[in-house]
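What follows is a short report on a single structure.
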Amino acid sequence: MWHRERIPLLLAFVQSVLVVGWCFTEMEAGPGAAMSTQTNGDRFKIEGRAIVPGVKTQDWVSTARVLVDGEEHVGFLRTDGSFAVNDVPSGSYVVEVVTPTYRFDPVRVDITSKGKMRYARLVNYIKTSEVIRQPYPLQIRSSGPHSYFMKRETWGWTDFLMNPMVMMMVLPLLIIVLLPKVVNTNDPEMRKEMEQSMNMLNPNPELPDVSELMTKLFSGSKGSSKAGSSSKGTRPAAKRR
Amino acid sequence: MAKLILLWLKCVILYNAVGAVFEDQVGKFDWRQQYVGKVRFSHFDTHVQSSKKVLVATENNVFAALNTRTGELFWRHVDKSGPEGNIDALLHHGQDAILVVGNGRLLRSWDVNVGGLNWEIVLDSGSFQKACLVGQQGTVKNVAVLKKNIISLHYLSNGHQKWIENLPESETVDYQTVYSGGNGEVYALGIVPHSHVVIIAYSTDDGEIIKQISVEAPWLSNIVASCAVIGQGVLICVDSATPSLYMCDLHLDTHDLQMTQIPLQSLGLEVAPDFQPVLVSHQPNSAHQPLSEFFLQLGPDNFLLLQLNNGQIVTLRDFKPALLVSFATTGEKTIAAVMSPKNKTACSINLFSAETGRRLLDTTLIFVMDPNGGKPEKIYIQPFLKKDDSVGYRAMVQTEDHTLTFIQQPGRVMWTREEALSDVVTMEMVDLPLTGTQAELEGEFGKKADGLMSMVFKRLSSQLILLQAWIAHLWKLFYDARKPRSQVKNEVTIENLSRDEFNLQKMMVMVTASGKLFGIDSKTGSILWRHYLEDVPSNAAFKLMVQRTTAHFPHPPQCTLLIKDQDTGLTTLHVFNPIFGKKSHVNPPALPQPILQSFLLPLMDQDYAKVLLLVDDQYKVSAFPSTKNVLQQLQEMASSIFFYLVDSSQGRLSGYRLRTDLSTEQIWEVVIPMEIQRIVSVKGKRPNEHVHSQGRVMGDRSVLYKYLNPNLLAVVTESTDTHQERSFVGIILIDGVTGRIIHEAVQRKARGPVHVVHSENWVVYEYWSTKSRRNEFSVIELYEGMELYNSTVFSSLDRPHAPQVLQQSYIFPSAISTMEATLTEKGITSRHLLIGLPSGGILSLPKMFLDPRRPEIVSEQSREENLIPYAPELMIRTEWFINYNQSISRVRGIHTSPSGLESTCLVVAYGLDIYQTRVYPSKQFDVLKDDYDYMLISSVLLALFFATMISKRLAEVKLLNRAWR
């Protein structure tokens with residue numbers, strides 16, 4: 001898990017940059033904030049249209065709703081995908097199209113006290129004064145279906161082979177099989193050299209090898225008479241190596 | 001760009017941190033039930049002969065189409081709750097349904113087939129009175145809306161206003177209803193109570209007043225309650241004082257119009273004493289005149305079918321006893337349906353020809369009333385013509401407990417919908433009882449020991465019983481295996497309910513606002529018992545408490561429901577068995593005084609029932625159960641029993657202590673000045689919460705101990721000043737025993753609604769920041785420090801050191817509806833916050849995101865501790881929605897309950913819908929995952945086994961060859 005170790009550092013750097021930027025922008029009051037003083041009486045309308053590319057509107061409008069500031073105001077979608085939320089007082093609102101299947105990004109809509117100057121922008125909760133204008137009436141395009149589910153880890157050959165345990169098993173095996181082919185074991189000089197190195201690895205030749213002990217034990221218990229000849233054969237073989 | 005990178009990084013980090021739902025788990029252990037609420041208006045879709053839809057508009061501001069075959073929803077539209085989304089009227093024409101919403105604020109037209117909106121328009125302001133469809137020359141093209149002072153006509157096709165007219169003299173005349181007989185005129189009927197009726201006819205084409213008449217009617221006070229229009233535009237009213245019927249023809253063009261009086265005695269009729277007679281008329285098609293037949297109700301169980309024939313009223317049939325009547329039309333035939341009581345448990349519905357009053361053959365339908373339900377309240381008839389031109393029908397019966405029952409002839413219930421469940425107020429999850437054999441074993445330990453030999457015999461006999469049960473089980477398995485799978489019944493009934501090995505299946509006891517109690521199996525969602533409490537006041541507050549769990553066999557489990565009338569404060573107790581729903585034979589005490597506070601003590605009486613203490617307005621305490629044993633225990637314990645009272649109307653919090661004579665003494669009081677702020681909510685900790693992680697291990701291997709005060713209260717206040725610059729939200733942490741204020745925090749430029757979760761050593765709350773116009777979360781955590789003062793027991797009276805308080809706030813990119821924390825058996829598993837969103841999702845947000853120790857600058861130690869670096873914005877990822885696309889409308893509460901597995905927490909979210917699922921906040925660490933790959937493991941083992949066999953053989957051969965060499 002190398003990325004876990006390193007990313008926080010990187011993140012912290014990004015974070016600090018971000019926080020500084022945020023502090024600066026927070027000083028000035030957003031244009032929407034000045035506007036959100038409410039006047040009684042006048043009520044306005046938020047209009048727009050929601051589009052799911054490639055899907056018939058009839059298939060999804062019956063499950064969709066338009067939520068303005070949570071459930072403060074609720075609108076419904078017409079059979080052609082357009083909507084109008086009526087009876088909204090002036091202010092600044094987050095408009096969201098909600099369906100269980102498709103994802104729509106929320107949009108902020110500001111209505112002036114006169115109800116004339118309306119503009120829509122992308123929602124940014126951190127930099128509330130940043131304005132990226134959107135067309136009005138709203139055109140909200142779905143960015144695809146919601147992904148609710150995690151993928152199950154499926155079993156694949158590559159995953160299996162890249163597993164460190166498997167690597168540990170396979171690599172020595174390869175070495176054991178391939179090395180004798182590469183190195184000429186019949187060369188007496190080479191053999192001498194190898195024996196020397198083996199002796200260095202095994203400082204006390206008197207001590208019985210654990211693996212040898214185990215094989216003796218198992219072969220003895222399984223089939224003593226049948227394995228008799230073979231167990232005799234294993235010892236010189238092991239010693240030769 | 002920086003934000004994007006940040007987001008991506010976060011995703012990478014959290015990929016392994018949080019689990020979610022896998023696609024193959026859908027519906028495995030979760031279920032959802034969707035409701036609409038108490039039906040106010042209902043229409044059968046008769047547009048197409050084979051239509052299976054019934055349209056319902058409910059008191060919960062829901063408009064939906066139900067499938068008449070199954071009772072399931074085709075579609076449902078949930079409007080804003082409260083008076084602004086209130087559905088005032090439902091008119092149905094063809095494939096359009098016209099709704100008047102929010103006291104005449106909006107007029108909407110829905111496409112019934114698709115469930116989409118055709119159009120929506122805003123109506124002029126004014127209090128809504130009545131709406132009707134207006135037809136002309138046999139077709140319906142307009143809808144008329146009558147308000148207090150205006151009448152307007154709109155096109156059905158697009159909602160555009162055709163004309164709008166001010167009603168004359170609207171200050172004095174109370175216009176109440178509007179009528180159209182399909183002849184090009186719209187009548188607005190108004191009344192000056194106890195003086196005269198005003199009739200104004202407008203032209204459908206241009207809104208011109210054709211005529212304006214006033215008719216003397218000094219006996220009349222309300223048109224809607226006592227009048228109806230029948231036949232060729234005859235207004236007929238009933239007066240209970242005289243008692244007589246009054247008639248006048250709306251079409252007559254004379255200015256000295258009189259109401260002709262027909263005394264009921266002349267018809268040979270009599271009104272039941274103290275009963276306001278009611279008229280029921282029927283207009284099969286808005287483009288035509290109403291029927292000249294109508295119902296007159298003369299008493300609670302007496303209806304008459306009358307006919308107006310050439311100015312004469314003829315009695316067609318007298319129905320007595322009859323509970324409910326209804327008209328219905330199919331094709332050209334109009335029928336009258338009458339429901340009459342048959343015996344104590346059943347009612348019968350019969351059809352009668354509306355024109356003649358003759359009973360139609362083979363139309364009897366038996367409706368069996370649920371003994372635990374309410375009385376029938378309304379019937380809706382769906383008639384259809386059979387092939388031989390006779391009339392068949394189905395009926396939908398609505399009862400007092402908000403249940404809808406759809407029945408077919410001769411009485412087969414096709415479906416029932418328990419709409420009371422759309423308004424769950426409170427709930428508990430109760431462990432299921434052990435099976436008979438398990439209970440037998442348990443009972444052995446419960447009984448008093450009486451000698452060695454008998455104990456041995458008892459042990460042997462219970463062992464024998466176990467063996468017997470096991471053999472029976474084996475036999476059943478064998479027997480079932482031979483049968484085809486479809487025949488094997490796996491239904492859950494109340495009889496075969498028993499606890500499963502991990503205690504994952506529980507009984508959900510739900511209390512609804514209508515006063516109906518339900519017992520629901522948490523595994524399948526099937527309703528196992530229901531009980532309707534009849535005398536529940538409409539504004540009651542409920543509190544449900546489990547006094548005895550199922551753990552004390554042979555004593556039955558016991559729940560107590562406290563029902564408090566919020567106006568008078570008078571309280572009644574309902575004691576019942578949560579498994580079977582039956583009322584307990586234990587008699588609850590009568591409570592003549594209003595109750596201020598109630599709480600369960602950990603004390604138990606000799607029958608293992610926890611003691612419930614009730615504090616009345618004289619500050620006297622009464623106990624339930626109040627046996628001698630309990631009173632004695634209370635006297636011993638009195639000095640250590642403390643409780644608190646909240647008086648939010650005066651901003652006062654006060655703490656009391658129990659005296660040995662069950663009177664009380666006040667020991668502390670905190671007054672929050674009412675002029676500045678008011679108390680919104682007070683939250684303590686859940687009594688069944690266990691915390692078995694005393695502290696947090698720091699990066700340097702030292703331990704930071706949690707401040708785990710079980711008596712801590714979180715008091716949330718909001719400013720009375722709602723101006724966005726001056727409003728604030730305050731939170732005060734008070735020790736409930738000593739009244740000591742542990743911590744106080746104020747969030748400036750913020751307002752409610754505030755949602756609070758208080759658990760372990762932390763408080764999380766959410767509020768609206770008026771300055772930045774966003775929702776924010778704030779978390780407060782309390783720590784004792786590096787050393788524990790007294791590690792064995794916590795006492796509020798002996799904690800000299802104030803805890804360390806840490807706080808951090810975050811931005812949350814959505815409004816929230818409700819919030820709750822997960823709960824597990826031992827409190828070792830990490831915690832998640834379950835957040836109900838207005839969009840219908842339930843977000844499972846790991847508590848580690850709301851950790852005030854999240855560092856702004858990452859250090860070696862914080863990384864060692866696995867702290868996530870601080871980021872101002874919390875994320876909503878749809879992968880964290882525990883209910884994937886099963887969205888839940890208007891989530892009002894989330895109930896969490898521990899299961900037998902430490903990793904698993906049972907979750908029930910309720911609102912308009914009910915959703916039950918399980919969550920694994922730290923993944924399933926104590927059981928094998930359900931995707932555990934048995935195949936892979938066994939195949940690898942087998943492969944290794946064979947490989948050793950083969951290699952051994954090969955080695956042997958090789959050695960043999962070498963030996964020969």
Side-chain angles (χ1 to χ4, degrees), chain A residues 1 3-5 7-12 14-19 22 26 32-33 36 43 45 57-58 61-63 65 67 69-79 83-84 86-87 92 96 98 100-101 103 106 123 125-126 128 146-153 155 229-230 233-234 237, chain B residues 2-3 5-6 9 12-13 16 19-24 75 77-81 85 105-106 108 111 114-120 122 724 771-774 811 813-815 817 838-840 856-858 863 869-873 878-879 881 884-887 931 933 936 956 959-960 962-963:
Chain A
M1 293 288 115
H3 54 252
R4 271 206 177 184
E5 303 293 310
I7 279 159
L9 251 175
L10 236 168
L11 225 160
V14 173
Q15 202 78 79
S16 56
V17 171
L18 214 102
V19 167
W22 182 35
E26 202 60 12
S36 59
R43 296 279 176 139
K45 188 154 98 170
T57 50
Q58 291 182 353
V61 284
S62 66
T63 56
R65 288 205 295 170
L67 300 184
D69 267 12
E71 247 174 338
E72 201 84 2
H73 304 276
V74 177
F76 297 100
L77 275 89
R78 295 202 195 98
T79 35
F83 63 85
N86 286 300
D87 232 15
S92 173
E96 219 176 336
V98 173
T101 26
R103 187 174 61 228
V123 174
Y125 287 104
I126 297 178
T128 45
H146 278 303
S147 61
Y148 289 112
F149 303 110
M150 303 288 271
K151 277 240 171 66
R152 283 262 190 222
E153 281 174 33
W155 196 82
S229 62
S230 63
T234 39
Chain B
K3 205 182 157 201
I5 294 171
L6 195 90
L9 287 176
V12 171
I13 288 182
N16 293 314
V21 185
F22 296 106
E23 195 154 5
D24 52 86
W75 45 259
H77 290 290
V78 183
D79 204 346
K80 203 176 157 181
S81 56
R105 196 171 55 96
L106 296 170
R108 279 195 191 122
D111 186 314
V114 182
L117 191 67
N118 288 326
W119 47 261
E120 174 184 290
V122 185
Q724 59 161 343
K771 186 191 173 198
S772 316
R773 284 168 290 126
R774 64 194 179 201
I811 302 163
S814 167
S817 305
S839 64
E856 282 190 29
I857 297 153
V858 183
R863 212 177 311 146
Y870 181 77
E873 194 172 352
T878 44
E879 286 92 341
F881 283 12
Y884 46 103
N885 67 356
Q886 307 282 299
S887 51
D931 67 331
D933 211 335
L936 181 72
E956 269 173 27
L959 280 174
L960 196 65
R962 193 171 287 171

>> B:Val78 vs A:Arg65, test: side chain to side chain contact (heavy atoms under 4.5 Å, CB included). Steps then yes/no.
In response: CA-CA 8 Å; B:Val78 183; A:Arg65 288 205 295 170; 3.9 Å; yes
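A search for salt bridge (charged side-chain N to carboxylate O under 4.0 Å, His left out) contacts involving A:Arg78 returns nothing, not counting sequence neighbours. Annotation: salt bridge (charged side-chain N to carboxylate O under 4.0 Å, His left out) contacts of A:Glu96 (sequence neighbours excluded): none.
Interface remark: A:Leu67 contributes side-chain atoms only to the contact with chain B (heavy atom separation under 4.5 Å). Heavy atoms closer than 4.5 Å to chain A are found in the side chain of B:Ser887, but not in its backbone.
With respect to chain A, the highest number of heavy-atom pairs below 4.5 Å among B:Gly85, B:Gly116, B:Pro813, B:Gly840 belongs to B:Pro813. The candidate with the highest count of non-hydrogen atom pairs below 4.5 Å against chain A, out of B:Val122, B:Leu106, B:Asp111, B:Thr878, is B:Thr878. Counting heavy-atom pairs closer than 4.5 Å to chain B, the top-ranked of the candidates A:Val61, A:Thr63, A:Leu77 is A:Leu77. Contact tally against chain B (heavy-atom pairs below 4.5 Å) for A:Asn86, A:Val98, A:Asp69, A:Thr57: the top residue is A:Asn86.
B:Arg773 and A:Ser92 make their closest contact through NH1-OG, 2.6 Å (heavy atoms, listed as atom of the first residue, atom of the second, distance).
Side chain of A:Thr79 to main chain of B:Asn118: no donor-acceptor pair is present (N/O by atom type, distance under 3.5 Å, no hydrogens or angles). No donor-acceptor pair under 3.5 Å is formed between the side chain of B:Lys80 and the backbone N or O of A:Glu71.
Ring orientation note: the planes of A:Phe76 and B:His77 are nearly perpendicular, at an angle over 60° on the 30°/60° scale. Ring-plane geometry between B:Tyr884 and A:Phe149 is classed as tilted, the angle between the planes lying from 30 to 60 degrees on a 0 to 90 degree scale.
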